[in-house]
Asker: 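Pasting a structure here, questions to come.
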2 protein chains.
Amino acid sequence: MKNIETMIENFKKIARSKGMKITPQRVAIYRELVSRHDHPSAEDIYDALKGKFAGISLATVYRTLTSLENAGLAMKVATVNGVARFDGKITPHSHFICKVCGRVIDIDCEVNVETEKLKKYNFSVEKCEIIYYGVCDKCQN
Amino acid sequence: MKNIETMIENFKKIARSKGMKITPQRVAIYRELVSRHDHPSAEDIYDALKGKFAGISLATVYRTLTSLENAGLAMKVATVNGVARFDGKITPHSHFICKVCGRVIDIDCEVNVETEKLKKYNFSVEKCEIIYYGVCDKCQN
DNA sequence: GTTTTTGCAAACGCTTTGCACGTAG
DNA sequence: CTACGTGCAAAGCGTTTGCAAAAAC
């Protein structure tokens with residue numbers, strides 16, 4: 001799913017199947033989200049779009065991100081300094097958060113979770129989120 | 001470190017060594033935090049204390065939790081529905097968050113992280129946070 | 001006595017929401 | 001034509017902060 005246009009077609013198909021309407025705003029927000037890999041905040045997306053898109057509102061970005069989450073097309077992957085960060089990559093992967101610059105970086109490192117031992121809790125586990133914290137390469141001087 | 005009074009003595013020692021003053025509020029907040037294992041929010045602690053402690057303020061609870069974090073005596077372990085949750089247990093462990101009731105539960109399940117592969121990123125990794133999401137035993141009916 | 005901490009209330013900042021208008025289907 | 005989405009501004013809400021009084025050391 002690397003081709004952006006393919007992803008947008010997929011988005012339209014899924015959105016329609018969920019009864020969502022395909023608006024120019026939604027397409028633009030989804031395109032922006034999947035085009036970049038810095039896990040933007042709602043405001044990041046808003047800032048990137050307001051130049052090309054007269055009158056787009058921050059509220060619409062928030063509402064669209066929530067819709068995308070509900071449709072399984074996006075995820076809130078972290079909260080850095082009180083600001084939610086989103087990802088259009090929905091395949092399982094981990095993240096590293098730099099406590100200096102706040103960058104959120106994808107980590108494709110394998111993790112072996114002893115899920116056998118988790119069974120004793122009798123929980124229905126749906127998701128496992130792994131976040132590493134530290135200082136990124138650029139911030140180490 | 002199971003004995004509460006022992007933990008409080010340890011807290012006083014560390015706090016003093018960091019130049020912090022030992023106030024009745026701080027002792028009460030720390031005691032409340034380490035006495036319970038439900039990962040309370042600042043408001044949970046405030047609610048539990050305001051009965052026994054005339055005039056304690058929510059701001060003091062927030063400030064104390066921040067001080068405890070800085071002293072390495074507590075941690076913000078999760079944010080559930082926009083509310084930060086704290087833990088006085090600072091040894092490494094994971095958490096399960098029930099998306100129905102919002103409970104945060106300690107998980108002492110081993111995880112083998114392939115830290116070797118992390119090295120290629122040239123990050124200085126200080127912490128690894130693992131959170132499982134799903135539905136807890138009580139909420140499954 | 002000096003410095004830190006507290007309580008109160010106000011301020012903050014991200015996010016959500018009510019409403020009238022616009023637009024997709 | 002009807003239901004859903006949008007823009008705007010206002011409201012929400014957890015958390016932080018300024019300040020004078022109080023307490024720790």
Side-chain angles (χ1 to χ4, degrees), chain A residues 8 11-30 32 39-47 49-71 73-86 102 104, chain B residues 8 11-30 32 39-47 49-71 73-86 102 104:
Chain A
I8 290 176
F11 150 68
K12 287 182 180 175
K13 198 169 62 185
I14 293 185
R16 254 190 286 263
S17 79
K18 305 246 179 193
M20 294 166 61
K21 289 182 175 173
I22 314 297
T23 65
Q25 289 93 329
R26 286 182 171 172
V27 175
I29 291 164
Y30 183 73
E32 183 68 23
H39 310 82
S41 66
E43 192 136 25
D44 290 336
I45 293 177
Y46 171 67
D47 288 342
L49 257 40
K50 68 183 174 193
K52 355 182 177 171
F53 220 107
I56 194 169
S57 80
L58 184 53
T60 295
V61 177
Y62 274 107
R63 280 189 280 228
T64 297
L65 288 170
T66 302
S67 302
L68 290 174
E69 264 200 282
N70 292 339
L73 291 161
M75 289 175 64
K76 187 183 292 181
V77 292
T79 300
V80 182
N81 296 138
V83 182
R85 304 282 289 267
F86 295 85
V104 178
Chain B
I8 290 175
F11 151 68
K12 287 182 181 174
K13 200 168 63 186
I14 292 184
R16 254 189 287 263
S17 79
K18 305 249 178 191
M20 294 168 60
K21 292 183 174 173
I22 314 296
T23 65
Q25 289 92 330
R26 285 181 171 174
V27 175
I29 291 165
Y30 183 72
E32 184 68 25
H39 310 83
S41 66
E43 191 137 25
D44 290 336
I45 293 176
Y46 172 68
D47 287 342
L49 257 41
K50 69 181 172 194
K52 354 179 176 173
F53 221 106
I56 195 170
S57 81
L58 184 53
T60 295
V61 177
Y62 274 107
R63 281 189 279 230
T64 297
L65 287 170
T66 302
S67 302
L68 290 173
E69 266 201 280
N70 292 339
L73 290 160
M75 289 175 64
K76 187 183 292 184
V77 292
T79 299
V80 181
N81 296 138
V83 182
R85 304 281 289 268
F86 296 85
V104 178

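Quick note on labels: first sequence line is chain A, next is B, and so on, each numbered from 1. Because the structure is predicted, anything quoted here is derived from the model rather than measured.
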Asker: OP1 or OP2 of C/dT15 sitting under 4.0 Å from any side-chain N/O of A/Y62?
Answerer: yes

Asker: Using 0.5 Å steps for rounding, measure from the CD1 atom of B/I22 to the CD1 atom of B/I8.
Answerer: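 B/I22 atom CD1 to B/I8 atom CD1 measures 11.0 Å (nearest 0.5 Å).
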
Asker: Calculate the interatomic distance between A/K76 atom NZ and C/dT15 atom P; express it in whole Å.
Answerer: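 After rounding, the reported distance stands at 7 Å.
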
Asker: Let me know the distance between CG of B/N81 and P of C/dT15, rounded to the nearest Å.
Answerer: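 After rounding, the gap between these two atoms is 14 Å.
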
Asker: Please give, in whole Å, the distance from D/dT15 P to B/E69 CD?
Answerer: 12 Å

Asker: Check whether the side chain of B/K21 and the base of C/dT3 form a donor-acceptor pair under 3.5 Å.
Answerer: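 Such a pair exists between side chain and base.
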
Asker: Exactly one of A/V77, A/V80, A/D44 should register a side chain to side chain contact (heavy atoms under 4.5 Å, CB included) with A/H39. Which one does?
Answerer: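 The side chain to side chain contact (heavy atoms under 4.5 Å, CB included) with A/H39 is passed solely by A/V77 among A/V77, A/V80, A/D44.
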
Asker: Atom CZ of A/R16 to atom P of C/dG25: distance rounded to whole Å?
Answerer: 6 Å

Asker: Test your reading of the model: is there a side-chain donor-acceptor pair from B/R26 to the backbone of B/T64, 3.5 Å cut-off?
Answerer: no

Asker: Under 4.0 Å, counting only non-hydrogen atoms across every strand here, what does B/A42 touch: a base, just sugar-phosphate, or nothing?
Answerer: nothing

Asker: Could you state the atom-to-atom distance from CD1 of B/I29 to C1' of C/dG7 in whole Å?
Answerer: 12 Å

Asker: Could a donor-acceptor pair under 3.5 angstrom be found where the side chain of B/R63 meets the base of D/dG18?
Answerer: yes

Asker: Could you tell me whether a side-chain N or O of B/N70 sits under 3.5 Å from a main-chain N or O of B/S67, the two making a donor and an acceptor?
Answerer: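 Not a single qualifying donor-acceptor pair exists.
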
Asker: Over all strands shown, is B/E43 touching base, sugar-phosphate only, or nothing at heavy-atom distances under 4.0 angstrom?
Answerer: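 Nothing, no nucleic acid heavy atom in range.
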
Asker: DNA chain C: B/R26 or B/A59, which has the more 5' nearest nucleotide?
Answerer: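 Mapping each residue to its closest nucleotide by heavy atoms, the 5'-most match is B/R26.
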
Asker: In terms of the nearest nucleotide of DNA chain D, which residue is placed more toward the 5' end: A/Y46 or B/S41?
Answerer: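 Nearer the 5' end of the strand: A/Y46.
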
Asker: Could you tell me the separation between the CD1 atom of B/I29 and the CZ atom of B/F86, rounded to the nearest 0.5 Å?
Answerer: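 B/I29 atom CD1 to B/F86 atom CZ measures 11.0 Å (nearest 0.5 Å).
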
Asker: With a 4.0 Å cutoff (strictly under), does any side-chain N or O of A/S57 reach OP1 or OP2 of D/dC8?
Answerer: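 For A/S57, the contact criterion (side-chain N or O under 4.0 Å from OP1 or OP2 of D/dC8) is not met.
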
Asker: How do A/G19 and B/F86 order along DNA chain D: which one's closest nucleotide is nearer the 5' end?
Answerer: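 Result: A/G19.
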
Asker: Between atom CD1 in A/I56 and atom C1' in D/dC8, what is the gap in whole Å?
Answerer: 14 Å

Asker: For C/dT6, does OP1 or OP2 lie under 4.0 Å from any side-chain N or O of B/T23?
Answerer: yes

Asker: To the nearest Å, give me how far apart CG (A/L58) and P (D/dA9) are.
Answerer: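 The distance from CG of A/L58 to P of D/dA9 comes to 13 Å, rounded to the nearest Å.
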
Asker: Starting from P on D/dT15, measure out to CD1 on B/I45 and report it in whole angstrom.
Answerer: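 These atoms are roughly 11 Å apart.
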
Asker: Under 4.0 Å between a side-chain N or O of A/Q25 and OP1 or OP2 of C/dT23?
Answerer: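 For C/dT23, OP1/OP2 do not have a side-chain N/O of A/Q25 under 4.0 Å.
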
